[in-house]
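These notes are about the structure you will find just below.
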Amino acid sequence: MDPVAPVLIAAAAFGGYISFFRSRRRLNDARTVEAAWLATYPGDEVRGTVLSQDGRAALVETAWGTGLVCRGGDVARRLDRASTEVDDTGLLIRLPDLDTPRIHLRLAPGEAALWQERIETA
């Protein structure tokens with residue numbers, strides 16, 4: 001085996017390890033959510049945020065409508081033209097987007113219903 005191969009395998013495994021734990025990061029407060037949103041959509045006016053009970057996702061209310069921040073702030077998406085469905089484990093959001101056609105959030109039943117209402121009435 002080429003002597004570089006074990007190093008490349010270890011680097012790939014470590015990168016996956018880091019990626020796994022980055023996706024588990026929590027959003028701490030409204031300022032963290034707003035900063036993550038503005039990093040993706042600079043210039044937007046954030047009017048409010050709703051943090052999930054587990055801190056893994058947040059709804060963002062802006063001047064144009066509702067958005068979502070998740071994956072520890074690494075992902076921010078506008079939710080215009082999104083459809084939602086509450087299931088046993090949370091909320092499924094369907095987007096008219098080829099890159100991210102759907103997002104599933106683990107939310108308590110009451111929380112999922114509240115988020116569904118906010119997304120669909122925006």
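Keep in mind it's a predicted model, so treat the numbers as computed, not measured. Positions are given from 1 along the sequence.
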Q.
I'd like to check the side chain to side chain donor-acceptor pair (under 3.5 Å) partners of Q116; sequence neighbours left out, ordered by chain and number.
A. T84

Q: Please report the shortest heavy-atom distance between L79 and I93, naming the atom on each side.
A: CD2-CG2, 4.1 Å

Q. Are V75 and V69 linked, directly or through other ILVMFWY residues, by side chains that come within less than 4.5 angstrom of each other?
A. no

Q. What distance separates I119 CD1 from D80 CG, expressed to the nearest 0.5 Å?
A. 11.5 Å

Q: Can you see which heavy atom on A36 is nearest to which on G73, and at what distance?
A: CB-O, 3.6 Å

Run the side-chain donor-acceptor check on residues 40-48: report pairs under 3.5 Å with partners two or more places apart or on a different chain.
| from | atom 1 | to | atom 2 | distance (Å) |
| --- | --- | --- | --- | --- |
| Y41 | OH | R78 | N | 3.4 |
| D44 | OD1 | R78 | NH2 | 3.2 |
| D44 | OD2 | W37 | NE1 | 3.1 |
| D44 | OD2 | W64 | NE1 | 3.2 |
| D44 | OD2 | R78 | NH2 | 3.0 |
| E45 | OE2 | R47 | NE | 3.4 |

Q: Treat each ILVMFWY residue as a node, draw an edge where side-chain heavy atoms are under 4.5 Å apart, and state whether L59 and L92 are in one component.
A: no

Q. Does any pair with a residue in residues 98-116 pass salt bridge (charged side-chain N to carboxylate O under 4.0 Å, His left out), and if so which ones, sequence neighbours excluded?
A. none

Q.
Among residues at least two apart in sequence or on other chains, which ones pass side chain to side chain donor-acceptor pair (under 3.5 Å) with D54?
A. S52

Q | salt bridge (Lys or Arg N to Asp or Glu O under 4.0 Å) against R94, all qualifying residues, sequence neighbours excluded | A | E85

Q. For the residue pair L91 and A112, what are the closest heavy atoms and their distance?
A. CD1-O, 4.0 Å

Q: If a pair satisfies salt bridge (charged side-chain N to carboxylate O under 4.0 Å, His left out) and one of its residues is in residues 27-43, list it, with sequence neighbours excluded.
A: none

Q. Between W115 and V50, which heavy-atom pair has the shortest distance, and what is it?
A. CZ2-O, 3.6 Å

Q) Can you tell if the side chain of T49 reaches within under 4.5 Å of the side chain of L27, non-hydrogen atoms only? A) no

